[in-house]
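Beneath this line is the structure, given in structure tokens, with notes to follow.
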Number of protein chains: 2
Amino acid sequence: MPKSSHIASQATPPDSTEGDVSEKPTYAIGELAEMFEVTPRTIRFYEQEGLLAPERRGQRRIYHDKDRVRLKLTLRGKRLGFTLAEIREVVELYDAMPDGNARQLHRILEILAEKRAEMEQRKEDIRLMQNELDDVETRCRAALEGLAP
Amino acid sequence: MPKSSHIASQATPPDSTEGDVSEKPTYAIGELAEMFEVTPRTIRFYEQEGLLAPERRGQRRIYHDKDRVRLKLTLRGKRLGFTLAEIREVVELYDAMPDGNARQLHRILEILAEKRAEMEQRKEDIRLMQNELDDVETRCRAALEGLAP
DNA sequence: ACTTTGCTTTACGTTAACGTCAACTATAGT
DNA sequence: ACTATAGTTGACGTTAACGTAAAGCAAAGT
């Protein structure tokens, strides 16, 4: 790849290299990383996996709010035990929406139904897990009572 | 390890090698595996990780209801995105309970509080995720409407 | 001009959670 | 006695999701 030296002939209006005053906010990879307490490596990895597609300004990645939201969704999915592949599947629904034909749209509805079912399962799992925690706590406190009354 | 050939001098009452009629049920590893749709390998691995400790009858592993419940808890934890290490931490609470001293018991209460917080986070994650799904579905149906009215 | 700071790619390393043989053993049925 | 059917212990392989280190660019401050 020839290091293309096109000198930003794009007329991005009052494009200040930094200090977007009253403009749509952009983030460097480090900012985003700190913001979500992940490493830049993680963010680049997610891009490599097709979960993010930030703008490029020269060599650097520029993240917009749209990207920030996506990262948030991704991390949320992770906390719920989804794999990156599964998350990408959902994320791609977003992109596939605007120009989707009928068959694609119906396919999306199918996937949505699946995910919805999984969420219900998770909710049930949480409910049961909380019961367990309650149970352990109760017995734990009982043990403490019977120890030093 | 000398293959100890002590011929089961234990008086396990009407211990039929199989066919426990009206007795506490026991399971072979394969049964348990099928029951939870995991492989025997997985179950052995969980044992190796300290999550299970089945009885041994000779060379074979014998699983009781207690073990079955533990496996169930483990898989539930996995679905919620916990690592085996985290799950073990909770599982060990169970064991550490009966003979726990005051300091240990308080430590358990600490961990319980942490887990509880995590569960709340998960619940919030689910709530938000469901909103997302609702949103996508709405827009998806709208796209279908505007396609073939 | 020089250094710092932050980013870039490339590439190999690591960890968790199993999968996949291979070689062996024990029990049950015929 | 032989075979089929689980189950057993290694031991190495695999995949996902990053970590880590190397080498280099580029804008920004001093």
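Letters A, B, ... are given to chains in the order of the sequence lines, protein chains preceding strands, and every chain is numbered from 1.
To the nearest angstrom, P of dT15(D) lies 17 Å from CD of Glu86(A). Tyr46(B) places its OH atom 11 Å from the C1' atom of dA16(C), with the value rounded to the nearest Å. The distance from atom CD of Glu89(B) to atom C1' of dA16(C) is 16 Å, rounded to the nearest whole Å. If you take CZ of Arg56(A) and C1' of dC7(C), they are 10 Å apart, rounded to a whole angstrom. Here the P atom of nucleotide dC7(C) and the CD atom of Glu47(A) are 14 Å apart, to the nearest Å. Spacing between atom OH of Tyr27(B) and atom P of dG7(D) amounts to 15 Å, rounded to whole angstrom units. Across the protein-nucleic acid pair, Leu52(B) atom CG and dA17(C) atom P stand 14 Å apart, rounded to whole Å. As rounded to whole Å, 10 Å separates atom P of dG19(D) from atom CZ of Phe45(A).
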Collect all protein-nucleotide pairs involving nucleotides 3-6 of chain C in which both atoms are nitrogen or oxygen and the distance is under 3.5 Å.
| unit_1 | atom_1 | unit_2 | atom_2 | d |
| --- | --- | --- | --- | --- |
| dG6(C) | N2 | Arg60(A) | NH1 | 3.2 |

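Arg61(B) places no side-chain N or O within 3.5 Å of a backbone atom of Ile29(B) that could act as its donor or acceptor partner. Remark: the backbone N or O of Arg79(B) is paired with a side-chain donor or acceptor of Arg122(A) at under 3.5 angstrom. In this structure, the side chain of Arg60(B) does not engage the main chain of Ala28(B) through any donor-acceptor pair within 3.5 Å.
Listed pair Arg57(B) / dA6(D) fails the phosphate criterion, with no side-chain N or O lying under 4.0 Å from OP1 or OP2. Considering only side-chain N and O atoms, Lys78(A) lies nowhere under 4.0 angstrom from the phosphate OP1 or OP2 of dA16(D).
Minimum atom distance to the side chain of Thr83(A) is reached by dA17(D), of the listed dA17(D), dT8(C), dC18(C). Relative to the side chain of Arg44(B), the nucleotides dA17(D), dG7(D), dT9(C) differ in distance, and dG7(D) lies closest. With distances taken from any side-chain atom of Arg61(B) to the nucleotides dT9(D), dA17(C), dC18(D), the minimum falls on dT9(D).
Arg70(A) has its side chain out of reach of Leu51(A): every pair of non-hydrogen atoms, C-beta onward, lies at least 4.5 Å apart.
Closest-nucleotide positions on DNA chain C for Glu49(B) and Ile62(A) were compared, and the one nearer the 5' end corresponds to Ile62(A).
Between the side chains of Asp125(A) and Gln121(A), at least one donor N or O lies within less than 3.5 Å of an accepting N or O.
Looking at residues 35-43 of chain B, you'll see Thr39(B), Arg41(B), Thr42(B) sit with a heavy atom under 4.0 Å from some atom of DNA chain C.
Between Thr39(A) and Ala33(A), the shortest heavy-atom distance links the atoms C-CB, 4.0 Å. When all heavy atoms of Ile62(B) and Thr26(B) are compared, the pair lying nearest together is CG2-CB, 3.6 Å.
Tracing side-chain contacts under 4.5 Å through hydrophobic residues (I, L, V, M, F, W, Y), one reaches Met35(B) starting from Leu52(B); they form part of the same cluster.
Ion pairing of Glu47(B) with Arg56(B) is present here, as a side-chain N (NZ or NE/NH1/NH2) and a carboxylate O approach within less than 4.0 Å.
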